[in-house]
*Asks:* 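Structure below; questions to follow.
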Number of protein chains: 2
Amino acid sequence: MSQTWRMSATPPARLLAAAAVDLFYRQGATATTVREITQACGLTAGALYNHFSSKEELLYTVVRDMHLALEREVGRAQSAASGPVAELVAIVRVYVDQHARHRKSSRVANQEYTLLTPERRAEIVGIRRRLRDRLTGVLVAGREAGDFDLGGGDQGAATVVATAVLDMCVHVSAWFHEGGALSTAELQDRYVLLALRMAGAARAG
Amino acid sequence: MSQTWRMSATPPARLLAAAAVDLFYRQGATATTVREITQACGLTAGALYNHFSSKEELLYTVVRDMHLALEREVGRAQSAASGPVAELVAIVRVYVDQHARHRKSSRVANQEYTLLTPERRAEIVGIRRRLRDRLTGVLVAGREAGDFDLGGGDQGAATVVATAVLDMCVHVSAWFHEGGALSTAELQDRYVLLALRMAGAARAG
DNA sequence: TGCGTAGGTAAACAAGCGTTCATACAGTGG
DNA sequence: CCACTGTATGAACGCTTGTTTACCTACGCA
């Protein structure tokens, strides 16, 4: 029922991808063998190649789907918000939510995308850059509207704040786990407060 | 002349470790072969085993040395500071400095330590937890002294802020590179401001 | 002079890797 | 009933992996 996988993916492909995420998360993609992935689905090694042309394409699928899902949710949330402050809040909420709820695939996506083919890696890097630029734009707009104080009037100041905010949110996938001291909703609230403060928002404590 | 390697390490071992850092940084530790590491030093594969008992021990050396160096520098800086606000500033300065100046070994240390033997990984995790707890302690002390507002009076609030601050600092090693738009010193200043704001420091903009 | 040691080599090792291939089988539409 | 499609098999492939081994060489020191 996860929105992480595209509709077009065939059921066995989804199972394989899910098993791969779990193993990639625990051991890293390079250290995980095709035999381990297929065995986790009760299959033999060759079966993987009915659904993916290579192990690298399987990693690509996992990584790309997560990035596209994140981009989609961010776009949706940002459209529904009005004004830079609300947009910043919306973006942080989505980031925390995605990285807490889909913690394994998020971590794999963020940690292993560097292993992809140059072309595929470039595609992922493009998505990541678009996502960061989106937040940078929000921060700049907010500064011009008098909502934010970014500690400097240049483009660089906005980029630094955007990078720091996103790094902090992305890393949630590295340590969060449900059933811990904090619920996802509480984490969202706390991180929204931190982000508002980082942006120098007037109404932030 | 890097303080990253212990004095006790023999010269060829240092060369091998330096080559390993570079390759681990670019490809990941698992994807890097012993032959690549030794070849980068003009040696053949077998030579590595005169200096390290295994490839994993080489990774361990690199990862541990970086963590110990960080812990040493943080301890030094914190001792030289007086009061929670100054200590927070000092810790952030050290973190940014280390992760910007030793960007490759820092990234390897943070990204690949999970591949170590359970016992060795536990040792590294211990260092990381001590480092985080140190910052948490500073935040709690500052709150009690009325210097910080952490958005909550419980221990959890301090831990969340500490985690977020360190995540943001650690990730500097993922994107920073000298000769970019920002110098290390400027980055330190900007991140100090962000950290102070996150902690709700009175004097932060 | 000769010996011990540090540090190197080339070659081999077993194991495991990602991937391919010929084959088989189960369901589905004409 | 047949052919087709989708999917899985198990054996094989060629190659690479981390590591070990036996041997070589050069240097510091009694």
Side-chain angles (χ1 to χ4, degrees), chain A residues 5-63 108 112-121, chain B residues 5-63 108 112-121:
Chain A
W5 317 118
R6 286 165 308 150
M7 306 292 179
S8 60
T10 171
R14 260 180 275 219
L15 280 179
L16 286 166
V21 163
D22 193 62
L23 287 159
F24 290 171
Y25 173 79
R26 281 156 41 201
Q27 317 175 335
T30 318
T32 299
T33 72
V34 169
R35 284 167 178 84
E36 284 177 310
I37 297 168
T38 51
Q39 201 168 336
C41 300
L43 301 176
T44 57
L48 186 136
Y49 297 88
N50 287 323
H51 308 283
F52 302 94
S53 71
S54 68
K55 176 184 159 186
E56 193 261 351
E57 197 204 28
L58 167 54
L59 174 62
Y60 168 67
T61 302
V62 166
V63 168
V108 168
E112 317 276 1
Y113 77 93
T114 50
L115 300 173
L116 295 173
T117 303
E119 305 86 41
R120 288 175 167 166
R121 182 170 61 236
Chain B
W5 316 117
R6 288 165 307 151
M7 306 291 179
S8 62
T10 171
R14 260 181 274 218
L15 281 178
L16 286 165
V21 164
D22 193 62
L23 287 159
F24 290 171
Y25 174 79
R26 281 156 40 201
Q27 317 175 336
T30 318
T32 299
T33 72
V34 169
R35 284 168 178 83
E36 285 176 309
I37 298 168
T38 51
Q39 201 169 335
C41 300
L43 302 175
T44 57
L48 185 137
Y49 297 88
N50 287 322
H51 308 283
F52 302 95
S53 70
S54 69
K55 178 185 160 185
E56 193 261 350
E57 196 204 29
L58 167 53
L59 173 63
Y60 169 65
T61 301
V62 166
V63 168
V108 169
E112 317 276 3
Y113 77 93
T114 49
L115 300 173
L116 295 172
T117 304
E119 304 87 37
R120 287 173 166 165
R121 183 170 61 235

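Residue numbering restarts at 1 for every chain, and letters A, B, ... go by the order of the sequence lines.
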*Asks:* To the closest 0.5 Å, what do you measure between CZ (B:R120) and OG1 (B:T61)?
*Replies:*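 So the gap between those two atoms works out to 7.5 Å.
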
*Asks:* How many whole angstroms separate atom CZ of A:R14 from atom P of D:dT7?
*Replies:*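 In whole Å, D:dT7 P lies 12 Å from A:R14 CZ.
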
*Asks:* Of the options D:dT7, D:dA12, D:dT19, whose atoms approach the side-chain atoms of A:R35 most closely?
*Replies:*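 The nucleotide sitting nearest to the side chain is D:dA12.
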
*Asks:* Hey, is the main chain of B:E57 close enough, under 3.5 Å, to the side chain of B:S54 for a donor-acceptor pair?
*Replies:*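 Answer holds: yes.
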
*Asks:* What string of B, S and - do you get for nucleotides 20-28 of chain D 5' to 3' if you count protein non-hydrogen atoms under 4.0 Å?
*Replies:* B--------

*Asks:* Calculate the interatomic distance between B:F52 atom CZ and D:dG18 atom P; express it in whole Å.
*Replies:*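 Answer to the nearest Å: 15 Å.
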
*Asks:* D:dG6, OP1 or OP2 - any side-chain N/O from A:H51 closer than 4.0 Å?
*Replies:*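 Answer is no, no contact under 4.0 Å.
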
*Asks:* Between the axis at one end of the helix from C:dT1-D:dA30 to C:dG30-D:dC1 and the axis at the other (five pairs apiece), what's the angle to 10 degrees?
*Replies:*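 The end axes of the helix from C:dT1-D:dA30 to C:dG30-D:dC1 are about 0° apart, to the nearest 10°.
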
*Asks:* So how far is it from B:E56 CD to B:T30 OG1, rounded to the nearest 0.5 Å?
*Replies:*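 Rounded to the nearest 0.5 Å, the CD-OG1 separation comes out at 11.0 Å.
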
*Asks:* When you measure from the side chain of A:R121 to the backbone N and O of A:L116, does any donor-acceptor pair fall under 3.5 Å?
*Replies:*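 Present.
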
*Asks:* So do A:V34 and A:L58 actually touch side chain to side chain, heavy atoms under 4.5 Å?
*Replies:*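 No, every pair of side-chain atoms sits at 4.5 Å or beyond.
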
*Asks:* When we call it a touch if two heavy atoms are under 4.0 Å apart, what does B:L43 touch: a base, just sugar-phosphate, or nothing?
*Replies:*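 Sugar-phosphate, no base atom in range.
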
*Asks:* Work out which heavy atom in A:A19 is nearest to a heavy atom in A:I37; give both atom names and the distance.
*Replies:*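 Result for this residue pair: CB-O, 4.0 Å.
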
*Asks:* For residues B:L48 and B:L16, report the shortest heavy-atom separation together with the two atoms involved.
*Replies:*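 Closest approach of B:L48 to B:L16: CA-CD1, 4.2 Å.
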
*Asks:* With rounding to the nearest 0.5 Å, note down the distance linking CG in A:L43 to CZ in A:R35.
*Replies:*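 The distance works out to 13.5 Å.
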
*Asks:* Taking all atoms of both residues into account, what is the closest heavy-atom pair of A:A29 and A:K55, and its distance?
*Replies:*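 Where A:A29 meets A:K55 most closely, the heavy atoms are O-NZ, 3.0 Å.
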
*Asks:* Specify the residues of residues 112-121 of chain A, ordered by number, for which at least one heavy atom lies under 4.0 angstrom from an atom of DNA chain C.
*Replies:*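 Contacts with DNA chain C under 4.0 Å: none.
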
*Asks:* side-chain contact (heavy atoms from CB on, under 4.5 Å) with A:E36: which residues, sequence neighbours excluded?
*Replies:*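 So A:E36 forms a side-chain contact (heavy atoms from CB on, under 4.5 Å) with A:L23, A:Q27, A:T32, A:T33.
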
*Asks:* Checking A:E112 side chain against A:L59 main chain: does a donor-acceptor pair fall under 3.5 Å?
*Replies:*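 It does not hold such a pair.
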
*Asks:* Roughly how many Å is it from CG in A:N50 to P in D:dA8, rounded to a whole number?
*Replies:*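 Roughly 6 Å, once rounded to whole Å.
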
*Asks:* Which of residues 23-33 of chain B sit near DNA chain D, with a heavy atom under 4.0 Å from it?
*Replies:*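 Within residues 23-33 of chain B, the residues near DNA chain D are B:T32, B:T33.
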
*Asks:* Heavy atoms only: give me the nearest A:Y25-A:V108 pair and the separation to one decimal.
*Replies:*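 Shortest heavy-atom contact: N-CG2, 3.5 Å.
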
*Asks:* Under the criterion side-chain contact (heavy atoms from CB on, under 4.5 Å), I'd like the reasoning laid out for B:T44 against B:T38: C-alpha separation, chi angles, the key distance, then a yes or no.
*Replies:* CA-CA 6 Å; B:T44 57; B:T38 51; 5.7 Å; no

*Asks:* Going 5' to 3' along DNA chain C, which nucleotides are the first and last within contact of chain B (any atom under 4.0 Å from a heavy atom)?
*Replies:*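 Counting from the 5' end, contacts occupy C:dG7 to C:dA12.
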
